[in-house]
Undergrad: 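Just passing along the structure, written as structure tokens.
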Amino acid sequence: MVLNPVISKLSGKLVVLASASPRRLEILRNAGLRFEVVPSWFKETLDKRLFKSPQEYAVETAKQKALEVARRMPFKHLKTPDIVIGADTIVTVDGLILEKPVDKDDAYRMLSRLSGKEHSVFTGVAIVLCHEKEKIDYQLIDFYEETKVKFADLSEDMLWEYINSGEPMDKAGGYGIQALGGMLVEFVHGDFLNVVGFPLNHFCKQLDLIYNRCPFSSDEESASVELHHNTSEMLKQEFGVLRSWLKKYFRGYSTVKTLGYISHFVFVFITFPTLLQALFTASKMGVFDLLQRKPGLDAAQVAQEIKAAVKGTEGLLGACVSLGLLQSKEKFYKNTDLATRYLWSDSPFSLHGYIQHCNETLWPLFSHLESAVREGTNQHERAFGKKANDLFQDTYYNNQSVKLRFMNAMHSIAKVTGKAVATAFDLSSYKTACDLGGCTGAIAYELTKAHPEMSVTVFDLPEVVEMSEHFHPSHTDNRVSFVAGDFFKDELPKADLYILARILHDWPDEKVHILLKKIGDACTPGCAVLLAETMLDGQTAYSALQGLNMLAQTEGMERTESQYADLLSKHGFGDTRVVRTMNFLDAFLAVKM
Ligand SMILES: C[S@@+](CC[C@H](N)C(=O)[O-])C[C@H]1O[C@@H](n2cnc3c(N)ncnc32)[C@H](O)[C@@H]1O
């Protein structure tokens, strides 16, 4: 079929539309697509303020709708779809996002705002490809389409007659262009069906890219996100990448010998900033996210999407290929498994947030490392022009986007390391836990997953708790709750296990003692403290460099196992045990005697 080469590729596949909109249904049916309708249960409550643009909000909502259905179907419907399609349409005018009106007055407010003006209609679309092998892998492709619509001047009579027709109520922006609402519209620029609720043309182009054009689209090679974490397999693969990368790096520098002997290792260290900047820049410019959504683009297409020069983009993509972060085939690029697992922002084990934090915060701080070493203090004032009297309030929490970046950074590491910490010890005798400074709740959720009878209170500053909802996993019971407060000043929630993950390393001994005294006072014998920190004893390069990181960034320091045992013993905790998790954080348990 020439007219329908893509839709026909889907015949024989279980295609699911995660939307109950009759208009979307009709558009896709008319195009000849056969599919089931499974409306999403995802509640459309994302905080719009957290998105840089309205289209990002629409795409995220579409993604969440589609993923919810893709994850639910194998359990509730006992079948795994091949493809789930999610979509979300919004109208934007004067910087406001208009969704469906809640009543007639709301419809009036929306329509009178649109009267006589041009507005944009965005539909975010997400396509989830489900690959079922031993477990289910999900690959996500998303995009959006914008159409401009100009309304005529609407009289009061016209407005109310239209509202009383009942048509506005279930439609974004309060109108339906395909019916009576068409009479309100002077002109449309762009895809008409996008305004109705589904950008069919763009959707077909995406399917074409997935099924016909992408040089990597065989099932074997398709980039996928592992939802299950097999640590030893993962480590093996990563060591493989590292080994082959080092080999390439060294071989490339054999000419160095002609300049006289330079240790290859030293050369790697000296040129390390170029490597880091390539990674930071590709991550910041959205290269990994783009190639996850649209694998198989060439350099010119990537340049267009990330709004960069073709020459610069070619250089950046080449560097990422040489680092094992991207693969290229016939001049088309896609993420490697490593990038799929860690570098694009929506992977379950994404380190994207931490990479942004390193780029925007650690890197400027580390450029003053010499001063940090000379003075023995953090370098916020030099790097950002503001003294950090209060470590968190003055540095991360006085600006909404910096706060979110910091929370994302904490969340990415906590998600990657949370399970290892939560399962390091037998914690079955503890039924109530309190995660002090628990931030987004990532470790708390891992604890409740690992310990079915445990409930966890996350205690953090009000600025953090107000944003924590953004990070809640989609499937969770009510065993994790959030309480706002200051752990140096306020009463601590009652619990028989207190968790301190990356908390003590932020503070000098005096402040650690204030906190540990409060915990000691709240504990009865048998209660315990679980620390998650990078212990200095092993003196791995990672822990030693983390020591410098704490110096440049905080008021505290990384400590050794015996330093932690010492601090805790002053508040009645003993019987200490440590597990080296081989992950970012080690686990340390001490029991109140
Ligand atoms: C380095 S982060 C660690 C976050 C989390 N425990 C983890 O490992 O992902 C430190 C956390 O302590 C919180 N925090 C700092 N000062 C606090 C205070 N006085 N009271 C409560 N929480 C505080 C911060 O908001 C932040 O979430």
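This structure is a prediction, so every number in the text was calculated from the model and none was measured. Every number for a ligand or one of its atoms is a count from 1 in the order of the listing.
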Undergrad: Within the structure, does His505 bring an N/O atom to less than 3.5 angstrom of an N/O atom in ligand 1?
TA: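 Looking only at distances, the answer is no, because the N/O contact criterion of under 3.5 Å is not met.
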Undergrad: Distance under 4.0 Å to a non-hydrogen atom of Gly485: what atoms of ligand 1 satisfy this?
TA: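 Those atoms are 20 (N), 21 (C).
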Undergrad: Output the list of atoms in ligand 1 that are nearer than 4.0 Å to some heavy atom of Trp507, sorted by atom number.
TA: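 So the atoms of ligand 1 that pass are 16 (N).
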Undergrad: What is the nearest protein non-hydrogen atom to atom 22 (N) of ligand 1, stated with its residue, atom name and distance?
TA: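 Looking at atom 22 (N) of ligand 1, the protein heavy atom closest to it is Phe487 CE2, 3.3 Å.
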Undergrad: Ring centres of Tyr542 and Phe584 under 6.0 Å apart?
TA: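 Centroid separation for Tyr542 and Phe584: below 6.0 Å.
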Undergrad: Quick one: nearest non-hydrogen protein atom to atom 2 (S) of ligand 1, plus distance?
TA: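 The protein heavy atom lying closest is Met410 SD, 3.5 Å.
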Undergrad: Parallel, tilted or perpendicular, judged at 30° and 60°: which one describes the rings of Phe392 and Trp507?
TA: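 Geometry flag for Trp507 against Phe392: tilted rings.
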Undergrad: Check whether any N or O atom of Gly438, backbone or side chain, sits under 3.5 Å from an N or O atom of ligand 1, and answer yes or no.
TA: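 No - when backbone and side-chain N and O of Gly438 are compared with those of ligand 1, no distance drops under 3.5 Å.
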Undergrad: Would you please classify the geometry between the Phe482 ring and the His472 ring as parallel, tilted or perpendicular, with 30° and 60° separating the classes?
TA: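 It falls in the parallel class, under 30°.
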Undergrad: Please lay out, stage by stage, how Lys65 and Asp88 fare under the test salt bridge (Lys or Arg N to Asp or Glu O under 4.0 Å).
TA: CA-CA 9 Å; Lys65 284 182 184 175; Asp88 185 57; 3.4 Å; yes
Undergrad: For residues Phe425 and His451, establish whether the separation of their ring centroids is below 6.0 Å.
TA: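 No, the ring centres sit 6.0 Å or more apart.
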Undergrad: Taking the six-membered ring for Trp, are Phe406 and His357 parallel (under 30°), tilted (30 to 60°) or perpendicular (over 60°)?
TA: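 Phe406 vs His357 ring planes: perpendicular.
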Undergrad: Under a 4.0 angstrom heavy-atom cut-off, which atoms of ligand 1 come close to Phe488?
TA: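 With Phe488 as reference, the close atoms of ligand 1 come out as 19 (N).
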Undergrad: Please write down residue, atom name and distance for the protein heavy atom closest to atom 24 (C) of ligand 1.
TA: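 Heavy-atom neighbour on the protein nearest atom 24 (C) of ligand 1: Tyr397 OH, 3.2 Å.
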Undergrad: Distance under 4.0 Å to a non-hydrogen atom of Asp506: what atoms of ligand 1 satisfy this?
TA: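 This gives 1 (C), 10 (C) as the contact atoms.
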Undergrad: Return the closest protein heavy atom for atom 8 (O) of ligand 1 as residue, atom name and distance.
TA: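 Sorting protein heavy atoms by distance from atom 8 (O) of ligand 1 puts Arg502 NE, 3.0 Å first.
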Undergrad: Quick check on contacts: which atoms of ligand 1 are under 4.0 angstrom from a heavy atom of Ile503?
TA: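 Answer for ligand 1: 10 (C), 11 (C), 12 (O).
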Undergrad: Who's the nearest protein heavy-atom neighbour of atom 3 (C) of ligand 1, and how far?
TA: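 Checking every protein heavy atom, the shortest distance to atom 3 (C) of ligand 1 gives Ala501 O, 3.6 Å.
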Undergrad: Could Lys63 and Asp346 be called an ion pair, given the rule that one side-chain N must be under 4.0 Å from one carboxylate O?
TA: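 Salt bridge: yes.
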Undergrad: side-chain hydrogen bond (donor to acceptor under 3.5 Å, both in side chains) for Gln292 and Asn335? Distances and angles first, verdict last.
TA: CA-CA 7 Å; Gln292 194 64 32; Asn335 287 339; 2.9 Å; yes
Undergrad: Go through ligand 1 atom by atom and flag the ones less than 4.0 Å from a non-hydrogen atom of Asp486.
TA: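 Those of ligand 1 that fall under 4.0 Å from Asp486 are 18 (C), 19 (N), 20 (N).
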Undergrad: Checking Lys592 against Phe573: charged group under 6.0 Å from the ring centre and within 45 degrees of the axis?
TA: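 Relative to the ring axis of Phe573, which defines the angle, Lys592 lies inside both limits.
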Undergrad: Given the ring of Phe488, does Lys511 sit roughly above its face, with NZ or CZ under 6.0 Å from the centre of the six-membered ring and within 45° of the axis?
TA: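 Yes - Lys511 lies over the ring of Phe488, closer than 6.0 Å to its centre and within 45° of its axis.
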Undergrad: Starting from atom 4 (C) of ligand 1, find the nearest protein heavy-atom neighbour and note its residue, name and distance.
TA: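 For atom 4 (C) of ligand 1, the nearest protein heavy atom comes out as Gly437 O, 3.3 Å.
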Undergrad: Considering heavy atoms of the protein only, find what lies nearest to atom 27 (O) of ligand 1 and give residue, atom and distance to 0.1 Å.
TA: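 The protein heavy atom lying closest is Asp460 OD2, 2.7 Å.
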Undergrad: Give the numbers and elements of all ligand 1 atoms closer than 4.0 Å to a heavy atom of Val464.
TA: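 The atoms of ligand 1 under 4.0 Å from a heavy atom of Val464 are 25 (O).
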Undergrad: Within the 4.0 Å heavy-atom shell around Ala414, which atoms of ligand 1 are there?
TA: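 So the answer, numbered in order with elements, is 9 (O).
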